[in-house]
Each structure stands twice: as structure tokens, then as C-alpha cells.
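The analysis underlying the following values was restricted to heavy atoms, covering all of them including side chains, and did not include hydrogens, waters or symmetry mates. Both ligands and their constituent atoms are indexed starting at 1 by order of listing.
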Amino acid sequence: MANFRPALIVVDLQEDFCPPNGSLAVTNGRDIAPLVNKLLASPFVIRIATKDWHPHDHVSFAANHQGKVPFEDLITIVNPYNEAETYESRLWPVHCVQGSPGAELIPELLTSQIDMVLEKGADPRIEVYSPFYDPFKSPRVYDSGIVKILREKQVTDVYVVGLAADYCVKNAAVDAAKEGFKTYLVEECTRAVDPSAWSECKKEIEISGAKVVSMDGPEVSRLMTAQ
Ligand SMILES: [Zn+2]
């Protein structure tokens with residue numbers, strides 16, 4: 001067990017991603033809180049929560065693009081420092097505006113057990129799903145510093161939970177695995193925007209080297225017994 005130094009990342013468990021009032025509510029999103037709290041009670045080296053944290057003029061809001069429809073339309077996002085680099089990204093309803101009630105972590109979450117809160121998505125020009133860095137992987141655009149923090153804590157294993165499974169949680173797990181951490185996405189502690197595509201999405205996550213695991217599986221029971 002000496003080489004087992006687990007970290008927990010709780011992704012975007014915020015009001016706007018939860019029923020009943022969230023502007024981008026993920027079906028049953030709030031229901032994961034009790035199991036996330038159970039994990040938070042385990043002996044992690046560090047527990048990090050992330051928050052989607054957008055300005056009003058954020059590029060991912062359909063309302064900021066004339067005639068565009070949230071959930072359906074895409075927009076081309078350009079690297080502000082290299083316009084040859086672009087990617088297509090989905091448009092959403094206005095959500096998680098900095099300082100708004102929708103951007104709050106849900107009150108069911110045991111925030112007293114969280115060591116650090118990282119904010120992402122503050123640059124109006126860029127969509128950032130991963131709490132690690134922006135899709136261009138340009139430190140000039142966005143780098144949360146999370147890799148440095150995990151390495152300083154000598155973390156070996158990263159557990160990822162939160163919302164939403166098919167966007168920010170997926171990207172967090174994929175980037176953690178790419179950075180060389182043994183990575184586990186705990187399936188009961190997440191919910192997808194599009195549950196019908198979740199099994200396909202799981203395959204993409206596992207290709208990155210991250211594992212989708214269960215609360216009842218050995219990867220989680222190991223946490224409960226580790227010290
Ligand atoms: Zn967002």
C-alpha cells in the first residue's frame with residue numbers, strides 16, 4: 001500500500017447541472033451526492049472540486065451567437081494565439097455564470113471535506129471541459145495547475161466523479177490517464193447529458209487508459225481500507 005496515493009476530483013457538482021432548477025440540468029445529477037460524500041470520507045491524499053466558471057460573454061453560450069440553438073448547434077473555437085488551431089464545440093444554455101446561484105456547488109456536497117476548488121472556463125474565448133488544461137494544451141490559454149499539484153502530492157491514482165459524465169468528467173479522466181496517473185471514473189458517481197450514448201462514451205474513456213469502475217469494485221474498496 002506504500003505506493004498507493006489516491007486523489008479525488010469532484011467535477012462541476014454545481015446547481016446549474018442539477019435538477020430541479022439548473023439551466024443545464026443533467027437528469028438525476030443531484031442523486032450522486034450521497035455516494036460522492038461517501039468517497040470524500042475515504043483517506044485521499046487530496047480532494048479537489050472543480051467549478052465551471054463562465055463570464056456572461058462566454059463562447060459556449062448559444063445566446064451569444066445569433067440564431068444558434070443550445071444542445072444542437074456547434075461553434076468553431078479558435079486558439080487566440082494560433083488561429084490555425086480550431087475545434088468544433090457544442091453550444092449550451094447560459095450556465096454557471098461567475099458569482100451566480102447556478103455556479104454554486106450544491107449544498108448536499110460535503111464541502112468541508114474538499115481541500116481545494118479550481119475554476120475553469122473563465123476565458124470567454126475558449127471552451128474548457130477538462131479541469132487540467134484547454135483543448136489546445138496551451139499554457140498561455142488555460143492551465144489549472146492541477147498536474148503540478150497532483151505531482152507535488154506524489155499522487156499515483158486519480159478517482160474522478162461528478163457532472164457531466166460525457167463532457168467534463170470524461171475529459172478529466174482522459175487527461176488524468178494521459179498524464180500517467182492510474183485513473184478511475186466511478187460510474188455510480190456520475191450522470192451523462194445523453195445517457196443513450198454513455199456506453200459508446202465509456203469505450204472512448206477506456207481507450208485513453210482510464211477505467212470505468214463501480215462503487216462495489218476492488219478499486220473503490222481498496223480506498224476504504226487504505227491508510
Ligand atoms: Zn460550461
**Student:** Looking just at side-chain N and O atoms, do E127 and Y167 make a donor-acceptor pair shorter than 3.5 Å?
**Tutor:** no

**Student:** For E83, look at atom CD and say whether over 12 heavy atoms of other residues, nucleotides or ligands are found less than 6.0 Å away.
**Tutor:** no

**Student:** If I take every N, O or S atom of C96, is at least one of them less than 2.8 Å from the Zn ion (ligand 1)?
**Tutor:** no

**Student:** Among the N/O/S atoms of H54, select the one at the shortest distance from the Zn ion (ligand 1) and name it.
**Tutor:** NE2

**Student:** Taking atom types as modelled, find out whether W198 and E187 have a side-chain donor-acceptor pair closer than 3.5 angstrom.
**Tutor:** yes

**Student:** Would the Y81 and F136 ring centres measure less than 6.0 Å apart?
**Tutor:** no

**Student:** Looking at the Zn ion (ligand 1), is one of the N, O or S atoms of D52 less than 2.8 Å from it?
**Tutor:** yes

